[in-house]
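One structure is given below, encoded as structure tokens.
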Amino acid sequence: MKKQAQQIETVALPHLSAAYNLARWLVRDEHVAQDMVQEAYIRAFKYFDGFRGGEIRPWLLSIVRNTCYTWLQNIKGVEGQIEFDENRDSGAYEAAFGSTDNNPETLLLKKQEGTRVNFAISSLPPIFREVLVLRELEGMSYDEIAIVAAIPAGTVMSRLARARTMLRAELNCPAIKEGQ
């Protein structure tokens with residue numbers, strides 16, 4: 001048991017940030033996201049014997065995803081939306097993209113644009129939000145996202161295309177290039 005704990009700690013802890021990021025975007029509450037990640041890691045530990053090898057990240061993130069969706073279904077239903085909170089959610093842009101210019105005007109514009117992007121992402125339905133976050137913010141491949149979401153890779157690609165289209169519409173942008 002102690003060896004198993006050390007083994008899962010070694011392979012799973014490096015993905016804690018990705019797990020939290022996915023949970024936060026799905027449940028849209030940082031405290032609930034922390035609880036979801038904790039619950040997911042407990043489940044991962046409990047079912048680590050069932051892990052069949054390969055990449056741990058998609059396996060772990062699928063547990064996080066399932067934990068979040070279970071919570072959403074129990075609390076509000078998957079279609080229920082948690083209110084966007086600008087003060088709570090606006091820091092994600094800086095965390096994801098960083099800031100290299102300390103000019104107050106530039107920082108303000110970046111913060112406003114980050115808030116706009118965060119709001120647009122938050123307005124997407126969960127199935128589209130999750131593939132967008134996993135691809136664009138976590139840099140996962142289509143195959144890895146397919147494992148996490150338990151859907152075919154083709155479905156990942158179509159959901160991602162729809163998510164980008166919906167995001168463009170929300171932001172009133174003519175185009176968002178691949179990987180941006």
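The basis for the numbers below is simple: all heavy atoms, side chains too, and nothing from hydrogens, waters or symmetry mates. The residues of the chain are indexed from 1 along the displayed sequence. Here the structure is a predicted model, which means the values were calculated and not measured.
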Side-chain atoms of residues 145-152: list all donor-acceptor pairs with protein atoms under 3.5 Å, sequence neighbours left out, distances to 0.1 Å.
none

- So do the side chains of Ser123 and Met166 get within less than 4.5 Å of each other, counting heavy atoms only? no
Residues 143-156 vs salt bridge (Lys or Arg N to Asp or Glu O under 4.0 Å), sequence neighbours excluded, gives none
Under a 4.5 Å cut-off applied to non-hydrogen side-chain atoms, are Ile127 and Arg159 in contact? yes
Applying side chain to side chain donor-acceptor pair (under 3.5 Å) to Thr165 and not counting sequence neighbours gives Arg168
For Ala40 and Ile63 the tightest heavy-atom approach is O-CG2, 3.5 Å
> Is Met140 close to Glu55 at the side-chain level, that is, under 4.5 Å between some pair of heavy atoms?
Replying inline: no
Scanning both residues in full, the closest heavy-atom pair of Leu72 with Leu26 reads CD1-O, 3.8 Å
Value for CG (Asn66) from CG (Leu61), rounded to nearest 0.5 Å, stands at 11.0 Å
Note: Phe119 and Glu170 closest approach over all heavy atoms is CE2-OE2, 4.0 Å
With sequence neighbours left out, the residues meeting salt bridge (Lys or Arg N to Asp or Glu O under 4.0 Å) with Arg162 are none
Check: Does any non-hydrogen side-chain atom of Tyr142 lie less than 4.5 Å from one of Leu160?
Finding: yes
| Beyond-backbone contact of Ile56 with Phe48, side-chain heavy atoms, under 4.5 angstrom | yes
Considering only heavy atoms from C-beta outward, does the side chain of Trp25 approach that of Leu132 to under 4.5 Å?
-> no
Those residues at least two apart in sequence (or on a different chain) that pass side-chain contact (heavy atoms from CB on, under 4.5 Å) with Ala23 are Ala33, Met36, Val37, Val64, Cys68
dist Arg164:CZ -> Leu124:CG (nearest 0.5 Å) comes out at 12.0 Å
Checklist entry - Is the side chain of Asn74 donor-acceptor paired with the backbone N or O of Thr70 at a distance under 3.5 Å, no angle test? => result yes
Applied to residues 57-75, the salt bridge (Lys or Arg N to Asp or Glu O under 4.0 Å) test, sequence neighbours excluded, yields Arg57-Glu138, Arg65-Glu130
Value for CG (Leu167) from CD1 (Ile121), rounded to nearest 0.5 Å, stands at 5.5 Å
Nearest heavy-atom approach of Tyr41 to Leu60 is OH-CD2, 3.2 Å
